[in-house]
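Report on the following structure.
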There are 2 protein chains.
Amino acid sequence: MGDVRCDDDDRACADDPRVETLVTELIGRVADKWTMLVLEVLDEHGTLRFGGLNRRVAGISQKMLTQTLRHMERDGMVTRTVYPVIPPRVEYALTPLGASLGEAFCGVWIWAAKHRERVEAARRLFDGRPT
Amino acid sequence: MGDVRCDDDDRACADDPRVETLVTELIGRVADKWTMLVLEVLDEHGTLRFGGLNRRVAGISQKMLTQTLRHMERDGMVTRTVYPVIPPRVEYALTPLGASLGEAFCGVWIWAAKHRERVEAARRLFDGRPT
DNA sequence: ATCGTTACTTACCCAAAGGTCTGTATAAAT
DNA sequence: ATTTATACAGACCTTTGGGTAAGTAACGAT
């Protein structure tokens, strides 16, 4: 039961060091806490302005929202459309690439939903708390 | 092209706050950088000792390996088997739960393999570097 | 003339992550 | 007697993440 690797699509899980590098980056930067939440909100609402995102992402600071959006833009996950009006109007939307990352991460969401009880039980056991 | 949510399995991606909490924890703690790398190595090699893991995980410090293994053990991802011999011998192996998380994250690996070029191209474009 | 609005940028600061180094136990090998 | 091997734990210190707050620009409304 340990040998079951993941070979659904292609040779993806292989030992390509460049893929490994990207995955490490994904875990560490692209797919950090805020990125995932922004991605989820954009996936739900389609196009949103800065303020709208700030209101919906729940707990994010202006600074982190800006930073996160810049990273996502750099990685080709979102488009940033500036309308030269006053007061400024900037719209953000997911690219197909961004949407596909969301779908990829959906597997983790499903896992979390499916195994939540089990993880919490394991923690209680480990911590020696009563059942 | 923006409405495509992820409804592969069940109502997983829904708005259950407990799931959201767990996912946030997953991204932030359970499924952090080192956890994923340890998980991958254990999935490849089956059972490994502390030293073997330390040698194979590439760049991890002793402290972080210990910490990561403790967290994974607490979450029910790995088993820790101590043999009371001198010098000490401790073996680590994935549980079925741990293996299933690896499979869930495999979607991200596949995504990374499939879209690596695209992400790197987007970055070059954003950074204004030559093609 | 001043205020409000929007989307930032920048400076400052604190807490957490994480690396390095040292200590520990114990028996077998030299 | 000293060294070696193993799997840690703990102290110390640097780096990074991330929050707060203030500043900016430019125009319409009061």
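Lettering of chains follows the sequences in order, A, B, ..., and the numbering in each one begins at 1. Everything quoted here is computed from the prediction, not taken from an experiment.
Every residue two or more places apart in sequence or in another chain that forms a side-chain contact (heavy atoms from CB on, under 4.5 Å) with A/Arg80 is listed here: A/Arg70, A/Glu73, A/Val82, A/Val90, A/Tyr92. A search for side-chain contact (heavy atoms from CB on, under 4.5 Å) contacts involving B/Ala93 returns B/Thr47, B/Thr79, not counting sequence neighbours. Under the side chain to side chain donor-acceptor pair (under 3.5 Å) criterion, A/Arg118 pairs with no residue, sequence neighbours left out. Residues passing the side-chain contact (heavy atoms from CB on, under 4.5 Å) test with B/Leu39 are B/Met72, B/Leu94, B/Leu101, sequence neighbours excluded.
Remark: B/Arg70 is in phosphate contact with D/dA9, judged by side-chain N or O atoms under 4.0 Å from OP1 or OP2.
A heavy atom lying under 4.0 Å from DNA chain D marks the following residues of residues 59-69 of chain B, by number: B/Gln62, B/Thr66. A heavy-atom distance below 4.0 Å to DNA chain D is reached by these residues of residues 46-54 of chain B, ordered by number: B/Arg49, B/Phe50, B/Gly51.
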**Study point:** Steps toward side chain to side chain contact (heavy atoms under 4.5 Å, CB included) verdict (A/Leu97, B/Trp111)
**Key:** CA-CA 10 Å; A/Leu97 186 62; B/Trp111 184 93; 3.7 Å; yes

Check your understanding: Are B/Val41 and B/Leu37 close enough, and set up right, to give a side chain to side chain contact (heavy atoms under 4.5 Å, CB included), and what steps lead you there?
Key -> CA-CA 6 Å; B/Val41 168; B/Leu37 298 180; 5.7 Å; no

Review point. After noting the C-alpha distance and the side-chain angles of A/Leu69 and A/Leu53, does the key distance pass the side chain to side chain contact (heavy atoms under 4.5 Å, CB included) rule?
Key: CA-CA 10 Å; A/Leu69 286 170; A/Leu53 278 168; 4.0 Å; yes

Review point. Are B/Glu91 and B/Leu48 close enough, and set up right, to give a side chain to side chain contact (heavy atoms under 4.5 Å, CB included), and what steps lead you there?
Key: CA-CA 6 Å; B/Glu91 286 184 351; B/Leu48 279 176; over 6 Å; no

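The shortest non-hydrogen separation linking B/Arg49 to B/Pro88 is NH2-O, 3.2 Å. Scanning all heavy atoms of the two residues, the minimum distance from A/Leu65 to A/Phe50 falls at CD2-O, 3.7 Å. Annotation for A/Ala104 and B/Gly107: closest pair CB-O, 3.7 Å, computed over non-hydrogen atoms.
B/Tyr92 comes within 4.0 angstrom of sugar-phosphate atoms only, judged by non-hydrogen atoms across all strands, and of no base.
The rotation axes computed at either terminus of the helix from C/dA1-D/dT30 to C/dT30-D/dA1 lie 30° apart, taking five pairs at each end and rounding to 10 degrees.
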Practice item. Indicate for each nucleotide in nucleotides 25-30 of chain D, in 5' to 3' sequence, whether protein heavy atoms under 4.0 Å reach the base (B), only the sugar-phosphate (S), or nothing (-). Key: -BS---

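Summarising the hydrophobic clusters (Ile, Leu, Val, Met, Phe, Trp, Tyr; side-chain heavy atoms under 4.5 Å, direct or chained), the residues clustered with A/Ile86 are none. A/Val85 belongs to a hydrophobic cluster whose other members, connected by ILVMFWY side-chain contacts under 4.5 Å either directly or through intermediates, are A/Tyr83.
Between B/His71 and B/Thr35 there is no side-chain heavy-atom pair separated by less than 4.5 Å.
Once you apply a 4.0 Å limit to the heavy atoms of chain B, the touched nucleotides of DNA chain C run 5' to 3' over C/dG18 to C/dA27.
Among residues at least two apart or in separate chains, side-chain hydrogen bond (donor to acceptor under 3.5 Å, both in side chains) pairs with a member in residues 53-63 of chain B are B/His45-B/Arg56.
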